[in-house]
Protein chains: 2
Amino acid sequence: MLTMLAEGEARKGPPLPAMMGAERKSRAENALLPPRTTLFLEGFSRSPQYRVLEGCVATSQTLTDGRRQIIDLVGPGRLVGLGFGDRNRYSAETLGLTRLEPVAETLSPGDLEASLGEMLARSQALAMLLGRKTAPERVASALLDLAGQFGRPARQQKRGAVTFHLFPTRTDLADWLGLTVETVSRCFTRLKKAGLIDFQHSDRVTLLEPLHLARVAAGDRPLS
Amino acid sequence: MLTMLAEGEARKGPPLPAMMGAERKSRAENALLPPRTTLFLEGFSRSPQYRVLEGCVATSQTLTDGRRQIIDLVGPGRLVGLGFGDRNRYSAETLGLTRLEPVAETLSPGDLEASLGEMLARSQALAMLLGRKTAPERVASALLDLAGQFGRPARQQKRGAVTFHLFPTRTDLADWLGLTVETVSRCFTRLKKAGLIDFQHSDRVTLLEPLHLARVAAGDRPLS
DNA sequence: CGGTTATTTGATGGGGGTCAATGGTCGTGG
DNA sequence: CCACGACCATTGACCCCCATCAAATAACCG
């Protein structure tokens with residue numbers, strides 16, 4: 001999947017223009033949205049809810065001075081836009097070609113509860129990662145998380161190796177993991193040199209040793 | 001993927017004894033629980049839910065090597081123990097003399113949704129704090145949060161100053177804010193010297209300039 | 001009052017941030 | 001088809017914030 005750059009979305013600064021019209025398109029017939037499509041913005045009036053069918057959506061909050069924290073990366077099957085009150089508590093944008101399915105405002109209490117519970121668990125896991133894990137541990141954890149969401153069960157490789165498309169850029173990963181682009185890149189290099197992962201392309205990665213990677217993620221192994 | 005901790009998780013300092021009998025007491029007639037009472041432990045079978053009436057409860061997760069992350073500090077009026085699945089996803093302990101009220105397993109969908117939404121919002125705010133804020137910003141944010149939960153509306157002081165009991169120790173605060181005890185202490189000292197806060201006692205604090213403090217918390221002001 | 005634990009303060013070092021330059025990839029236009 | 005330009009990723013040099021290590025109070029308790 002190429003990164004077709006339809007929108008010249010300069011993501012550098014925090015201008016984040018208001019292309020809110022995206023909803024209309026997806027509502028029509030589950031169209032494919034291009035990368036860097038803003039679904040809704042933090043602070044704006046409450047937007048509809050979606051289920052991700054293909055692709056990836058990032059939810060984030062931004063400080064007044066532009067510092068950004070990605071709250072979650074959402075892959076196929078999961079919901080985006082659940083919230084309370086009349087304002088969005090975070091922004092959401094697509095990270096790749098993404099297909100969304102609108103979800104009824106009122107889903108069954110059970111589904112809603114389950115979905116909220118999952119979001120809560122993931123948010124708490126992120127807090128643990130941000131508060132107490134080192135940079136290599138964070139990057140390893142991120143790769144395992146993404147493998148779970150985007151990894152194909154296809155195992156043409158040996159020993160449970162998993163290959164998948166890395167939707168987030170290095171900058172996205174940095175904003176997710178509380179690091180900088182440079183640190184993320186350096187961690188990748190170290191993991192690669194340690195033989196735990198490999199890149200076919202900067203956005204296509206293979207986990208060669210998921211078990212070792214999991215031990216790095218848990219802090220059981222210092223990584224060389 | 002929860003690490004179902006086996007049993008005697010030695011976390012250096014506090015041995016975290018297995019006084020799970022606490023539930024029984026509170027169930028009887030909302031008794032006052034002493035500080036450092038464990039309500040339930042991460043990984044153990046699902047425990048009942050409570051509403052905090054007085055005092056403070058900390059929820060936390062612990063890595064296998066002992067690193068601890070406090071997920072939330074819960075004050076009067078809020079719920080503890082909501083979760084899904086058959087295992088607790090975090091531990092909970094009292095931080096001071098605390099009175100709990102057992103809450104029915106099945107609260108109204110509305111209440112449950114509201115409570116989960118609040119937990120989610122707080123967890124996301126914590127992620128932003130941990131991922132993108134500096135140490136002084138974190139400490140200032142924490143003080144404002146605790147003032148909101150524990151501050152009396154009593155304003156015997158001038159200009160909206162708020163005094164309240166600091167239930168968490170420096171270590172608790174460090175584990176909440178992703179810092180060390182020393183850094184928390186140093187930030188307190190700096191805030192005190194800047195005239196933004198004052199201590200009557202190490203666990204009794206007054207916010208002298210809540211507005212300035214809020215600007216520090218938001219990163220609008222570098223703190224001298 | 002002595003022993004224990006929490007907090008504060010100081011000295012030092014390292015992990016990761018910042019700044020800067022190079023290299024790689026892709027899309028566009030000649 | 002290749003050159004150019006824009007953008008992303010990688011790598012290196014340097015530095016700073018905060019962790020670490022250590023010690024001195026300060027509060028607590030029997």
Side-chain angles (χ1 to χ4, degrees), chain A residues 1-13 34-36 65-68 95-96 129-139 165-175 177-193 197-205 216 219 222-224, chain B residues 11-15 34-36 65-68 95-96 129-139 166-175 177-193 197-205 219 222-224:
Chain A
M1 194 178 293
L2 308 176
T3 54
M4 73 169 268
L5 190 151
E7 318 291 340
E9 238 357 294
R11 189 178 25 72
K12 193 116 145 250
R36 302 295 158 185
D65 60 4
R67 281 175 283 178
R68 183 174 77 140
L95 294 191
L129 177 148
L130 292 171
R132 290 308 185 201
K133 289 190 178 179
T134 66
E137 288 166 12
R138 296 182 198 194
V139 172
H165 180 81
L166 240 196
F167 286 101
T169 65
R170 302 296 187 265
T171 299
D172 295 327
L173 288 168
D175 287 347
L177 304 177
L179 301 170
T180 60
V181 193
E182 295 91 332
T183 298
V184 171
S185 182
R186 277 185 257 264
C187 287
F188 276 158
T189 301
R190 291 176 61 186
L191 289 170
K192 196 162 57 177
K193 284 182 179 165
I197 65 173
D198 192 37
F199 284 95
Q200 287 73 52
H201 186 68
S202 71
D203 63 355
R204 182 138 204 104
V205 65
V216 173
L223 175 52
S224 82
Chain B
R11 183 172 36 76
K12 194 137 145 216
R36 302 296 157 184
D65 60 5
R67 283 176 283 177
R68 182 174 77 139
L95 295 191
L129 178 148
L130 292 171
R132 289 307 185 200
K133 289 190 179 180
T134 67
E137 288 166 11
R138 295 181 198 194
V139 172
L166 240 195
F167 285 102
T169 65
R170 303 297 186 264
T171 299
D172 295 328
L173 288 168
D175 286 347
L177 304 177
L179 302 170
T180 60
V181 192
E182 295 92 330
T183 298
V184 170
S185 182
R186 275 185 256 266
C187 287
F188 275 158
T189 302
R190 290 176 61 186
L191 288 170
K192 197 162 58 178
K193 284 183 179 167
I197 66 173
D198 192 38
F199 284 95
Q200 286 73 50
H201 187 66
S202 72
D203 64 355
R204 182 137 205 105
V205 65
L223 176 51
S224 77

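Both backbone and side-chain heavy atoms feed into the values below; hydrogens, waters and symmetry mates do not. In the text below, chain A, chain B and the rest are named by the order of the sequence lines, each starting its count at 1.
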* To do: Give the angle between the helix axes at the two ends of the helix from C:dC1-D:dG30 to C:dG30-D:dC1, taking five base pairs at each end and rounding to 10°.
  => 30°
To the nearest Å, how far apart are [X] [atom1] and [N] [atom2]?
| X | N | atom1 | atom2 | answer |
| --- | --- | --- | --- | --- |
| B:Ile197 | C:dT8 | CD1 | C1' | 13 Å |
| B:Phe167 | C:dA6 | CZ | P | 18 Å |
| B:Leu177 | D:dA19 | CG | C1' | 15 Å |
| A:Glu182 | D:dT11 | CD | P | 12 Å |
| A:Arg204 | C:dT25 | CZ | C1' | 17 Å |
| B:Arg186 | D:dC21 | CZ | C1' | 11 Å |
| A:Arg170 | D:dC7 | CZ | P | 18 Å |
| A:Gln200 | C:dG24 | CD | P | 18 Å |

Could you check which of [options] has an atom nearest any side-chain atom of [X]?
| X | options | value |
| --- | --- | --- |
| B:Thr189 | D:dC18, C:dT9, D:dT11 | C:dT9 |
| A:Thr180 | D:dA9, C:dT18, D:dC18 | C:dT18 |
| B:Ser185 | D:dC18, D:dT10, C:dT7 | C:dT7 |

* **Charged N-O contact under 4.0 Å between A:Asp175 and A:Arg67** => no
* Considering heavy-atom distances to DNA chain D, does A:Arg132 or A:Val184 have its closest nucleotide positioned more toward the 5' end? -> A:Val184
* Quick one, give me the B/S/- string for nucleotides 23-30 of chain D, reading 5' to 3', where B means a protein heavy atom under 4.0 Å from the base and S means that only happens at the primed atoms, P, OP1 or OP2. => ----SS--
* **Heavy-atom pair of closest approach, residues A:Arg36 and A:Leu95** => NH1-CD2, 3.6 Å
* Structure fact -> What one should report as the nearest heavy-atom pair of B:Val139 and B:Val184 is CG2-CA, 4.5 Å
* To do: Compute both the distance and the angle, then confirm whether B:Arg170 meets the cation-pi test with B:Phe199: under 6.0 Å from the six-membered ring centre, within 45 degrees of the axis.
  => yes
* Asked: Does A:Arg68 reach the side chain of A:Asp172, with side-chain heavy atoms less than 4.5 Å apart?
  -> yes
